[in-house]
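Worksheet: one structure, shown below.
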Amino acid sequence: MTYETTIAPLDLDLTLSCGQTFRWHKEGDSWKGILGRRLIILRTRGRTLEVRSEPDDGDAVALVREHVRADDDIPRIQRRLASDPVLARGMRDVRGLRIVKTDEWECLVSFVLATYANIPRITRMVETLCTMFGDEVTEGVHAFPDIRRLGQASEKELAGCGLGYRAKYVGALSSCLTGGDIRRMRRLPFEDLRSELVGLPGVGNKVADCVALFGFGRLEAFPIDVWMARALKRLYGVGGTYKALHEFASDRFGEYAGYAQEYLYYNERLCGPRGECLFSKERADAVVRQD
DNA sequence: GCCCAGGAGTGTG
DNA sequence: CACACTCATGGG
């Protein structure tokens, strides 16, 4: 059964391949990923989004709409961010890039694994965890293991997944958190959520902001990794500590800082560290520096 | 072989 | 609070 829905603007390539989430891959013109306990297959045909699910599930469309934040008012968000002259130049080219809403636990573990690793390796580590510990939802496809299941894994088993020094963090997280903790954290104000996340093993400022943004859906979060730090220096001439850069971004981008971050991150991955394009390659010579 | 990765923890000044 | 060092490892 193929279900249809409309989410606009939406660019699956931009949204699912830029390091927000690590379990989607493209096969031909379709994107395959796992949401909850379903294999989801997506394909864009004109303005309609085709959704298939294995096993077949009438709620698949709802899962997908939540995952790509279908209710976000992109024109409104872009109008707000267009008050920044740097972003304003090319935002039209990334209208279809949406912030993703992922499962909080999967997001937390994924970004703890993401510390000091590149995206291909993160993808591999996450996939290994799922294969080793996650329930099979359809042939050859495994769900992300829940807290309880991962908590049953021994240190040796985790270390055997090629996680390196991150294995002990995953083990510690699995044993110090419960599903109840996650549900409680959903209701916390942003700063409280952030400080509680920072207190978790393997979670510093950057991971906390990623989990707040992609897991808990807090659009005011602004994660700063090495790419973002480079982008902020290159495009705005600002540097310094995480705290200083974070304050700069919060003042400048406000309640939609997360979208600003994703636009800038995408641009940096595409064009940096020496490139200048903002945002399509054709505009490589059109950047206005702000210093 | 070399460089770097969507960093965090710990110790020190 | 700000820096220096360490942590394991694979992908490009």
Side-chain angles (χ1 to χ4, degrees), chain A residues 14-25 94 97-102 104 106-129 131-132 155-174 176-177 194-216 218-219 221-235 238-249 253 257-275:
Chain A
L14 290 181
T15 302
L16 300 179
S17 70
C18 63
Q20 301 188 66
T21 175
F22 304 101
R23 296 209 69 197
W24 289 94
H25 63 277
V94 289
L97 172 54
R98 309 183 75 100
I99 297 292
V100 156
K101 165 69 178 78
T102 58
E104 294 91 344
E106 175 176 342
C107 185
L108 175 61
V109 174
S110 297
F111 279 97
V112 166
L113 293 178
T115 62
Y116 212 51
N118 54 28
I119 291 178
R121 187 177 177 198
I122 300 163
T123 302
R124 180 177 299 274
M125 288 188 285
V126 171
E127 213 51 44
T128 302
L129 270 189
T131 302
M132 295 291 289
E155 286 285 327
K156 181 173 292 185
E157 286 180 305
L158 291 174
C161 291
L163 311 183
Y165 63 89
R166 306 163 191 84
K168 61 178 178 295
Y169 295 140
V170 175
L173 282 173
S174 302
C176 79
L177 276 180
R194 198 171 177 287
S195 60
E196 184 154 343
L197 286 170
V198 168
L200 296 173
V203 180
N205 287 321
K206 187 269 176 181
V207 171
D209 280 321
C210 283
V211 177
L213 178 58
F214 305 126
F216 287 90
R218 308 300 175 91
L219 294 185
F222 191 89
I224 303 165
D225 67 338
V226 292
W227 296 87
M228 272 307 301
R230 279 198 292 259
L232 292 173
K233 169 62 72 179
R234 199 165 61 78
L235 297 171
V238 296
T241 63
Y242 194 98
K243 182 182 178 65
L245 293 176
H246 198 269
E247 281 179 17
F248 171 84
F253 306 122
Y259 268 93
Q261 184 274 158
E262 208 53 37
Y263 294 159
L264 293 171
Y265 179 77
Y266 166 74
N267 184 67
E268 192 67 18
R269 293 302 298 247
L270 182 67
C271 308
R274 288 189 61 247

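Letters A, B, ... are given to chains in the order of the sequence lines, protein chains preceding strands, and every chain is numbered from 1.
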Looking only at B:dG7, B:dG6, C:dG10, the nucleotide nearest the A:Arg121 side chain is C:dG10
query: Which whole number of Å gives the distance between the P atom of C:dA8 and that of B:dG11?
result: 15 Å
Handout entry: A:Tyr265 ring over B:dG6 six-membered base ring, under 5.5 Å and 30°
Key = yes
From the list A:Leu197, A:Val109, A:Val112, side chain to side chain contact (heavy atoms under 4.5 Å, CB included) partner of A:Val211 resolves to A:Leu197
From CG of A:Asn205 across to C1' of B:dG6 the rounded distance in Å is 14 Å
| How would you label the contact of A:Cys18 with the nucleic acid (heavy atoms, under 4.0 Å): base, sugar-phosphate, or nothing? | base
When rounded to whole Å, the NZ to P distance for the pair A:Lys243 and C:dC1 reads 6 Å
Collect all protein-nucleotide pairs involving nucleotides 9-13 of chain B in which both atoms are nitrogen or oxygen and the distance is under 3.5 Å.
{"from": "B:dG9", "atom 1": "OP1", "to": "A:Gly202", "atom 2": "N", "distance (Å)": "2.9"}

note: A:Asn118, atom CG; B:dG7, atom C1'; distance rounded to Å ~ 14 Å
Without swapping roles, check the side chain of A:Arg218 against the backbone of A:Leu213 for a donor-acceptor pair under 3.5 Å.
no
C1' atoms of C:dA4 and B:dG6, separation to the nearest Å
22 Å
| task | For A:Gln20 and A:Val100, indicate whether the former's side chain and the latter's backbone hold a donor-acceptor pair under 3.5 Å. | result | yes
*Between the base of C:dA8 and the side chain of A:Tyr165, is there any donor-acceptor pair under 3.5 Å?*
no
- Item | Any A:Arg269 side-chain nitrogen or oxygen under 4.0 Å from OP1 or OP2 of B:dG6 | yes
Considering residues, nucleotides and ligands other than A:Arg121, do more than 12 of their heavy atoms fall under 6.0 Å from its CZ? yes
Any donor-acceptor pair under 3.5 Å from A:Thr102 side chain to A:Cys107 backbone: no
query: OP1 or OP2 of B:dA5 sitting under 4.0 Å from any side-chain N/O of A:Arg230?
result: yes
